[in-house]
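Quick notes on the structure that follows.
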Amino acid sequence: MVDTNRAKELKAFDDTKDGVKGLVDSGIVHIPEIFVTPALTENEFNAKNLDSDSNIANVQIPVIDLKGMNGDDFQRRRIVEEVGEACKTWGFFQVVNHSVPQHVMDEMISGVKSFNEQSSEKKKEFYSRDNLKKVKFNSNFDLYSSKAANWRDSLTCVMAPNPPTKDELPEACREELLQYSEHVRKLGHTIFELLAEALGLKPNHLLDLDCAKGHFILCHYYPPCPEPNKTLGITKHTDPDFFTILLQDQIGGLQIYHLNQWIDIHPVTGALVINLGDLLQLLSNDKFKSAEHRVLSKQIGPRISIACFFTTQFQPFDTLYGPIKELLSDENHALYKETTVRDYVSYYNSKGLGHHPSLLHLRLNPSI
C-alpha cells in the first residue's frame with residue numbers, strides 16, 4: 001500500500017533540487033519524517049556506536065603499504081598475500097604509498113566542497129534522476145524506493161570509458177575531477193593485478209575480462225545533522241561493482257559490518273580505502289567477500305567522501321560474468337549464475353539500499 005503523504009513529502013523534497021544541504025541552510029532543528037529510519041531498524045541504532053568509544057574502537061581494517069611493489073619480488077609477494085588475506089577476511093582494506101599524490105586528494109575534497117557550497121542555482125543546473133546522464137547531482141539515488149532517505153547529497157560523474165566533455169563537468173570541481181580520475185584509474189589497474197595474483201591467477205586476468213573498462217566517481221556531501229540518532233548517512237549495503245576506491249576526509253563515520261558488529265573505519269592520513277564489490281565476490285566464487293558497510297550521520301560536518309566505482313554499468317556491454325573457471329573444481333562448484341553488469345546493477349537499484357544482499361538473487365543454491 002502506497003503511503004500518499006510520504007510520496008508527497010518525497011516529491012516536495014525532490015522538487016526543491018536543494019538536497020539535504022538546502023534543509024540545513026533553512027535552519028531546521030528536526031529532520032523531516034522521510035529521513036527517519038523506521039522502527040523496524042531500531043537495532044541499527046542500538047549498535048550505532050555514535051561516540052566510537054566502544055570495545056571495538058581499536059579494531060582496524062588492514063592497512064597495506066604498496067611501497068616497493070614493482071621493484072622487489074619479495075615485497076610484491078608480501079603485498080599480494082596481505083591483499084588476499086584482507087579480501088578473504090574483511091572485504092575492505094586501506095592502502096598507503098599508492099601513488100595518488102596528497103595534493104590531488106586534498107584538491108578533490110576541496111572541489112566537492114566547493115561544488116556543494118556554491119549557489120543553489122548553479123547546483124540545480126546538474127540536478128537530475130536520469131541514469132543516462134554522465135554528470136548529475138541529486139539526493140539519494142533510491143529516494144523513491146528506500147524505506148528512509150539518507151542524510152547526504154551526491155554528484156555522480158561517469159569518467160570511463162567515454163568521459164563527459166570538459167564543459168559538461170561542473171566548473172567548481174572540473175579540473176579536480178579530471179586529475180583525480182586519471183590517478184585512480186591507474187591505481188585501479190594496479191589493484192586489479194594484485195587481486196588477480198591473490199586469487200592465484202596471472203596479473204592481467206581481471207583486466208583481460210574488461211573489469212577495468214569503466215569507472216564512475218560518486219562524490220558524497222554529508223551536511224551536519226541536527227538529529228543524528230534518527231537517520232543514517234548511508235544505509236547498510238554492499239557495492240554492486242568489482243571494487244571501489246574511497247577517498248574520505250578526517251571526520252569519519254564509515255563503518256563495516258564484521259563478525260556481527262559494526263566497526264569504525266578510522267581515517268588514515270594519506271590512505272585510500274579499497275572495498276570489494278558484489279561482482280568480485282561472484283567472480284571469486286566467494287573466496288573474496290563483498291562486505292556490508294554504512295555511514296553514520298553526525299552533528300559535525302560537512303563530511304566529504306569520493307568513491308570511484310570500477311564497473312561498466314553505464315555501457316551497453318553484454319559480457320557475461322560468473323565464477324572464474326580457473327578457480328572451479330570438482331570440490332569447488334560454481335555458486336552463482338552468470339550475469340551482465342547492467343542486469344545486476346539494474347536489479348540492485350530496483351531494490352534500494354538496506355534490503356537483502358542482491359547477490360543472493362544469483363545464488364545457484366541459496367541455502368548454501
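Under a 4.0 Å N-O distance rule, the pair D286/R363 qualifies as a salt bridge. Between E81 and R77, none of the side-chain N atoms (NZ, or NE/NH1/NH2) sits under 4.0 Å from a carboxylate O, so this pair counts as no salt bridge. Using a 4.0 Å cut-off between charged nitrogen and carboxylate oxygen, E326 and K202 do not count as a salt-bridge pair. Salt bridge R185/E182: present, at least one basic N to carboxylate O contact under 4.0 Å.
Shown here for P323 and N285, the closest heavy-atom pair between the two residues is CG-OD1, 3.3 Å. Of all heavy-atom pairs spanning H98 and G270, the tightest one is NE2-O, 2.7 Å. Counting all heavy atoms, side chain and backbone alike, K123 lies closest to D18 at NZ-O, 4.4 Å. In terms of heavy atoms, D142 sits closest to L353 at OD2-N, 2.9 Å. Heavy atoms only, all atoms of each residue included: V135 and C157 are closest at CG1-SG, 4.1 Å. The two residues L247 and M108 come nearest to each other via the heavy atoms CD2-CB, 4.1 Å.
Within 6.0 Å of the NZ atom in K136, the count of heavy atoms belonging to other residues, nucleotides or ligands exceeds 12. Around CD of E33, the count of heavy atoms belonging to other residues, nucleotides or ligands within 6.0 Å does not exceed 12. More than 12 non-hydrogen atoms from other residues, nucleotides or ligands lie less than 6.0 angstrom from NZ of K124. By the 6.0 Å contact criterion, NZ on K134 is enclosed, its count of non-hydrogen atoms from other residues, nucleotides or ligands being greater than 12. For E171, the CD atom is loosely surrounded, since the number of other residues' heavy atoms within 6.0 Å does not exceed 12. For H103, the NE2 atom is densely surrounded, since the number of other residues' heavy atoms within 6.0 Å is greater than 12.
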Item to check | Verdict with reasoning, F242 to Y321, per ring-ring contact (aromatic ring centres under 6.0 Å, His included) | outcome: CA-CA 11 Å; F242 293 107; Y321 289 98; 5.3 Å; yes

Next on the checklist: Test salt bridge (Lys or Arg N to Asp or Glu O under 4.0 Å) on R129 and D14; report intermediate values, then the result.
Outcome noted: CA-CA 10 Å; R129 296 199 176 274; D14 201 17; 3.0 Å; yes

Item to check | Test side chain to side chain contact (heavy atoms under 4.5 Å, CB included) applied to I234 and H220, step by step | outcome: CA-CA 10 Å; I234 297 184; H220 291 312; 3.8 Å; yes

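Note: the hydrophobic cluster containing V104 also contains V112 (ILVMFWY, side chain heavy atoms under 4.5 Å, direct or indirect links). Note on F192: it does not cluster hydrophobically with F216, by side-chain heavy-atom contacts below 4.5 Å among ILVMFWY residues.
Here the side chains of P302 and E117 are in contact, with some heavy-atom distance below 4.5 Å. For the pair I324 and L206, the minimum side-chain heavy-atom distance is below 4.5 Å. Counting heavy atoms from C-beta on, the side chains of V345 and F314 never come closer than 4.5 Å. Contact of the L327 side chain with the L201 side chain is registered, since non-hydrogen atoms from C-beta on lie closer than 4.5 Å. Residues H361 and Y344 form no side-chain contact, since every pair of their non-hydrogen atoms from C-beta on lies 4.5 Å or further apart. Looking at H293 and D239, their side chains come closer than 4.5 Å, going by heavy atoms from C-beta outward. Here the side chains of F92 and I263 are not in contact, with every heavy-atom distance at 4.5 Å or above. M69 has its side chain within reach of L194: a pair of non-hydrogen atoms, C-beta onward, lies under 4.5 Å apart.
In this structure, the side chain of T244 does not engage the main chain of L276 through any donor-acceptor pair within 3.5 Å. N138 places a side-chain N or O within donor-acceptor distance of the main-chain N or O of S128, the cut-off being under 3.5 Å. One N or O on the side chain of Q281 and one on the backbone of S290 form a donor-acceptor pair closer than 3.5 Å.
Taking the six-membered ring wherever Trp is involved, the centroid distance between the rings of F115 and F137 falls below 6.0 Å. For F243 and F288, the distance between ring centers is not under 6.0 angstrom.
Between the side chains of T340 and D343, at least one donor N or O lies within less than 3.5 Å of an accepting N or O.
Y221 does not carry R303 over the face of its six-membered ring by the limits of under 6.0 Å from the centre and within 45° of the normal.
Using cut-offs of 30° and 60° for the angle between ring planes, the F35 and F13 rings count as perpendicular.
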